[in-house]
Colleague: 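Here it is, the structure, as structure tokens.
Values below: all heavy atoms of this structure, side chains included; hydrogens, waters and symmetry mates excluded. Letters A, B, ... are given to chains in the order of the sequence lines, protein chains preceding strands, and every chain is numbered from 1.
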Amino acid sequence: AGTLDEILKRGELRIACQTQGAPFSFVDRNGNRTGSSVELCELIAKEMGVKVKFLNYDWDGLIPALLSKKADMLAADMTPTLKRAMKIAFTDPYMYTGSVVFVKQNSPIKTLEDITAGTKMAVLLGSTGESDAKKVFPNAQYKTYKGGGPLLINAVLAGHVQAGVNDGSAVRGQVASFPPNSVRILEGQLSRSPLAFAVRYDSPDLQSWLNLFFLHTTLDGRLGKNLDYWVNSLDWKEDH
Amino acid sequence: MWGFYFDELMHSLPFFLKGVWMTVAVSGLSLIAGTIVGFICGILRAGRNKILRAVIGAWVDVIRGTPFLVQVFIIFFILPSAGIELEAFPAAVIALSNLTASFICEIVAGGILAVPKGQREAATASGLSQYQQLRFIVLPQAMRTIMPPLVGQYVLLIKDSSVVSAIGVVDITRVGWLTVQRIPEGLMVFGLVGILYFAICYPLINLSAYMERRMTVVSTRL
Amino acid sequence: MLEAFNFRVILEYMPLYGKCFLATLWLSALSLFGAILVGIIACAMRLSQSRFLSRAAGVYIESIRSTPLLAQLYFFYFGLPTLGIMLPEWVTGVLALTLNSGAYYAEIIRSGIQAIHFGQIEAGIASGLSYFQRMRHIILPQALGMTIRPMLGQAIVLVKDSSLLSLISIMELTRAGQLLTSERFMPTEGFLTTAAFYLIIYYMLKAFSNWSEKRLIFQEAY
Amino acid sequence: MISFKNVNKWYGDLHVLNDIDLEIAPGEVVVVCGPSGSGKSTLIRCINRLEPIQKGELVVDNMAVHDKKINMTKIRADIGFVFQSFNLYPHMTALQNTTIAPLKVRKMKNEEAEKLGREVLTRVGLEDRIDHYPAQLSGGQQQRVAIARGLCMRPKIMLFDEPTSALDPEMIGEVLDVMKTLAREGMTMMVVTHEMGFAREVANRVVFMDEGKIVEVAPPNDFFTNPQTERGKYFLSSILSH
Amino acid sequence: MISFKNVNKWYGDLHVLNDIDLEIAPGEVVVVCGPSGSGKSTLIRCINRLEPIQKGELVVDNMAVHDKKINMTKIRADIGFVFQSFNLYPHMTALQNTTIAPLKVRKMKNEEAEKLGREVLTRVGLEDRIDHYPAQLSGGQQQRVAIARGLCMRPKIMLFDEPTSALDPEMIGEVLDVMKTLAREGMTMMVVTHEMGFAREVANRVVFMDEGKIVEVAPPNDFFTNPQTERGKYFLSSILSH
Ligand SMILES: Nc1ncnc2c1ncn2[C@@H]1O[C@H](COP(=O)(O)OP(=O)(O)OP(=O)(O)O)[C@@H](O)[C@H]1O
Ligand SMILES: Nc1ncnc2c1ncn2[C@@H]1O[C@H](COP(=O)(O)OP(=O)(O)OP(=O)(O)O)[C@@H](O)[C@H]1O
Ligand SMILES: [Mg+2]
Ligand SMILES: [Mg+2]
């Protein structure tokens, strides 16, 4: 029996999500998990006709959870790199984003060209932001942090680094919770990269189901609505 | 700027208290289980059976020598492939109990070996059995050496419990990480985390100091 | 999860592991050295006749012991800059580890000193040695010698705690595994290799402590 | 009562007991003396197998102690052992120290054991120290509790390993007095001691050991006034000189 | 050399030293005896202020020890103190034990201190034990190292607190011999001991204490044959009886 059968039999879709931060998946002030990915997952479960169960791991626990079958799928703001795809199967991308550079509001760095060999840049360990930045600014000095996007912004604000690089949608979402006008995002993206959900290679049924799901929700506009609310604007700020 | 976040943080307090409860539950259960297992292993480690001693010694080495996170992962993610399927909470308690037991084992063995040899000899000479010697003569005296580091170990256990958040147990530290995404003033959020741990640990540390005072006759002043 | 264990990829990451292993080694060694020094000083203060010094050391020791390293690390990394103190990451990291373990060492050394026969201290006084000379030549060598085991335990904790430094962008052993995990999605390979390296450090420390125990504790002097 | 036949014991290379032959009759009091390290303690510790022997036969009260298969618990219960350093249990009162073995080994009832304990402690002159902890007693009192602890099992044999050498001169007297009374009441006793006065007064024989061998066995008066061996003469002169 | 004038000391309510008056001349050897707890140790420990006194005057080598403002380091360096339990530093060899104070207090050079240490260790008969650790030495040897440690500071006064009572009978002699030599060479000595032979042989006076008071002071022969006080008689009978 395939993974879909198991899910149906169980009546429960188990999703490992990384509560990495707004706007994809985070805990709002009432202690409820919410965000773009979270709502998409709820929609998926609804369409399957089963309940959804979120398994709340941090980054370290995400992949083992999927591989050890604790979870049926991963829903995180994860870029399907070719290396990663050697190990797990990704769905079709449901949106595109890109790495951006951000600096302190009053920083002398105004454009991407101002970043020179000596500039200290903060990136997240193992993220696409890290590899993008190293491609575009091979000579900058890098400090790799672990522990989530807000930590990068904190490092920039505290002055440990001059600039930070991270996924654009994540940065925009996270900056929203800092005091207004503390951080400035530089014009332009370093890359254009897709985001996708992931399943195991032994679940082709679930994979093609998800691809179809993205196709349907794109066509009927539900995906676009979700992304417009969460990712392309700060509308969610008021409600959460 | 701190005022800006302070109200937000106060709003999250119930969430933090849930984390406190989880930390207390995980470490409390592990404390009990770890103490029992640790005492048994410690007694065996101080005993005569060479094979048991070596086996326990190797177990203690591996547990003490590898990161706790890895142990948690093995129990939660790798044991299922051997057919042992565990929920996050029991897996966390088992991992933490195992860690605690390995440390307590060393403490107990040390305490038992510190009881003067003459005590055991006197008990042997009056015909008490091995078990009776342990129960009535050796352990009651060993407790004096065991108690202070034991309580110290409990404090370490409570702090180590934060690692289990990696498998989705929402304890104080995890609440801190989740909150810091929304209230990005890490200093304040983790300050609160520190205060909450302090509130749990400080009474324990005082307890250990109290026991130490009760058990030592003269205090050294240099 | 274990079935597809991939040694080839581990080999590919070996240079990274090597670099990170060395980083962990020297960061821990530096912090260990500092922590023992801080421990000695804090312990001397704790046991001193001056109530003020004794209280101050007490506050330091107890507040460090009852809050998590994570909170302390945050305080140093994000708190000090607001006071206008900017330190390189590795200095912050070593500082946090040193002060953290220093508090534990203070307690360990204190237990060692209190186990020294009071006659030793009196003999030093009677031959006219000053406070510092007694400390340096008579009390500390014996106290350190007697507490090798708990000191080893704390050293292990320190080495493993150094993994937290990856939060503030310091390259160390745990990160090598995490990098492997997040680039290749091979958690089993990543974490087990990391654990193996930690185990190497553990056995190195253990061998050192056994060696120094033999050197410091002479033919059952105790 | 106790019979050593060709008993040998080694610690690694060290030959601590070398062909020991000795017979002790019921009711006899034997004092063992000799230089430090000569094997005196080892000799009496073998009797209740605190140390196992490696060769020879050692029969105590008709039980073969040298036989590894023999269960020692019963024999040990019949042998009281008093250590140089008392080895009282510090977490128990004088009474508890004396009653623990009767309670647990003899399975006596609580009241019975307590009555016995009080009786024996009274006998050694400690009726007013029954509820004191060892730390609250003087050395002499502690050693008397240790003797009472041995007596409580109503032993057939009492063994003493330098029972007075950790005591202040003033306290030695009170412990020796208790031991003398025991000897006169007909207890079989083996005593490692350098108290010559005690040996002269109550011992039937003195056993002099050196380097793991029994060098001389003689009635005390003969041994102290006229030792037969060179080693014995030298030993006596060194402990009597000051 | 040492002069107690009306010295008093309390531990809480306990009056351990009660109006002590005593003068000790240079070169004199004084033996202190008395029952346990009578304050003997406290008396000699006051001399180098291991215990402070609360009332009265105590002058040692023209320095007022009772004066809280006096820095004791210099005086202590001139007084050798030998403890009952040796208190050798277990992590140092015999030589290091003897040289640590000369090196650190007298600021001697390394070679000089080592030469001195060897000399003194030879003097107490330990030339072949110089590099041994205390745990490798017998009790008598350890106590001789402790004496050598005191002598290395070339002290004007040597104080001994029951230096032989933790020793085996055979080893007592070797330590007493060293002490006798010292006494004959004219060292000022105060010795707490129950070794009557030693007292008779070398002491100028015996001080008998009880309950914190000096009860009798007399030449040894007078004291041992004919004590003037009831308490003294009783004490002598109790320690000579066995
Ligand atoms: N557990 C042991 N392992 C190795 N050697 C031992 C052990 N116990 C005793 N010995 C050695 O055996 C010899 C005899 O020891 P024993 O204690 O019987 O002597 P002793 O006559 O009682 O001396 P003492 O008067 O000092 O008590 C000594 O040389 C001692 O060092
Ligand atoms: N630090 C202390 N605190 C309270 N009381 C003490 C202290 N030291 C000694 N004492 C008490 O002071 C009294 C005298 O003690 P001291 O040691 O001088 O006696 P001593 O004559 O040397 O006896 P011993 O022959 O047993 O060594 C004793 O009653 C003892 O219990
Ligand atoms: Mg012996
Ligand atoms: Mg004394």
Side-chain angles (χ1 to χ4, degrees), chain A residues 16 18 20 57-70 74 76 78-90 104 120-131 141-148 150-161 164 198 200-202, chain C residues 1-6 8-9 12-13 16 19-20 23 70-71 73-93 162-192 194-195:
Chain A
Q18 178 199 14
Q20 172 93 343
Y57 305 118
D58 66 10
W59 180 253
D60 288 334
L62 225 45
I63 312 303
L66 181 66
L67 294 178
S68 67
K69 306 193 177 168
K70 294 257 177 209
L74 286 188
M78 193 179 275
T79 311
T81 63
L82 292 173
K83 264 189 189 164
R84 288 171 174 176
M86 298 284 288
K87 204 68 189 174
I88 58 177
F90 287 96
K104 230 194 253 192
K120 285 189 228 153
M121 315 257 293
V123 292
L124 275 184
L125 177 72
S127 69
T128 27
E130 182 180 8
S131 45
Q141 289 178 21
Y142 289 99
K143 292 189 181 178
T144 358
Y145 290 81
K146 186 185 174 301
L151 195 66
L152 293 186
I153 303 176
N154 268 323
V156 169
L157 290 181
H160 289 292
V161 289
R200 283 184 305 276
Y201 272 117
D202 64 4
Chain C
M1 244 172 92
L2 278 174
E3 52 274 9
F5 201 82
N6 192 331
R8 215 193 49 76
V9 173
E12 196 178 305
Y13 277 78
L16 178 71
K19 219 172 78 188
C20 292
L70 175 65
L73 197 60
Y74 249 93
F75 175 77
F76 284 115
Y77 196 61
F78 292 116
L80 289 185
T82 54
L83 304 176
I85 305 170
M86 245 350 217
L87 298 170
E89 273 79 8
W90 70 269
V91 177
T92 313
S162 71
S163 71
L164 262 187
L165 298 191
S166 58
L167 281 180
I168 59 169
S169 89
I170 294 176
M171 267 320 240
E172 47 67 60
L173 202 41
T174 308
R175 290 188 73 171
Q178 280 162 344
L179 198 65
L180 201 168
T181 311
S182 62
E183 280 182 6
R184 296 299 187 90
F185 282 2
M186 293 183 174
T188 323
E189 286 84 345
F191 287 117
L192 290 188
T194 309

Colleague: Who are the salt bridge (charged side-chain N to carboxylate O under 4.0 Å, His left out) partners of C/E183, not counting sequence neighbours?
Modeller: none
Colleague: Taking atom CD1 of A/I63 and atom CZ of C/R184, what is their separation to the nearest 0.5 Å?
Modeller: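 Going from the CD1 atom of A/I63 to the CZ atom of C/R184 covers 14.0 Å.
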Colleague: For A/K120, is the NZ atom crowded, meaning more than 12 foreign heavy atoms sit under 6.0 Å from it?
Modeller: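 12 or below, so no.
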Colleague: Atom OH of A/Y145 and atom CD1 of C/I168: how far apart are they, to the nearest 0.5 Å?
Modeller: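 Here the interatomic distance stands at 8.0 Å.
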Colleague: Looking at A/E130, A/M78, A/K146, which makes the most heavy-atom pairs under 4.5 Å with chain C?
Modeller: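 Most heavy-atom pairs under 4.5 Å with chain C: A/K146.
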Colleague: Excluding sequence neighbours, so at least two apart, what forms salt bridge (charged side-chain N to carboxylate O under 4.0 Å, His left out) with A/K69?
Modeller: A/D202
Colleague: Top residue by heavy-atom pair count (under 4.5 Å) with chain C, among A/R84, A/K83, A/M86?
Modeller: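 So the answer, after comparing A/R84, A/K83, A/M86, is A/R84.
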Colleague: If you measure from CD on C/E89 to NE2 on A/H160, what distance do you get to the nearest 0.5 Å?
Modeller: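 One finds 6.5 Å between CD of C/E89 and NE2 of A/H160.
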Colleague: Compare every heavy atom of A/A158 with every heavy atom of C/P81, then report the nearest pair and how far apart it is.
Modeller: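 Looking at all heavy atoms of both residues, the closest pair is CB-O, 3.7 Å.
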Colleague: Which heavy atom of C/M86 sits nearest a heavy atom of A/G159, and at what distance?
Modeller: CE-O, 2.8 Å
Colleague: Less than 4.5 Å apart, side chain to side chain, heavy atoms only: is that true for A/L125 and C/S166?
Modeller: no
Colleague: Does any N or O in the side chain of C/R175 come within less than 3.5 Å of the main-chain N or O of A/T144, such that one atom is a donor and the other an acceptor?
Modeller: yes
Colleague: For C/Y77, is it the side chain, the backbone, both or neither that has a heavy atom under 4.5 Å from a heavy atom of chain A?
Modeller: both
Colleague: Would you check if C/F185 and A/L62 make a side-chain contact, meaning some heavy-atom pair closer than 4.5 Å?
Modeller: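 No, every pair of side-chain atoms sits at 4.5 Å or beyond.
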Colleague: At a 4.5 Å cut-off on heavy atoms, which part of A/I88 comes close to chain C: side chain, backbone, both, or neither?
Modeller: side chain
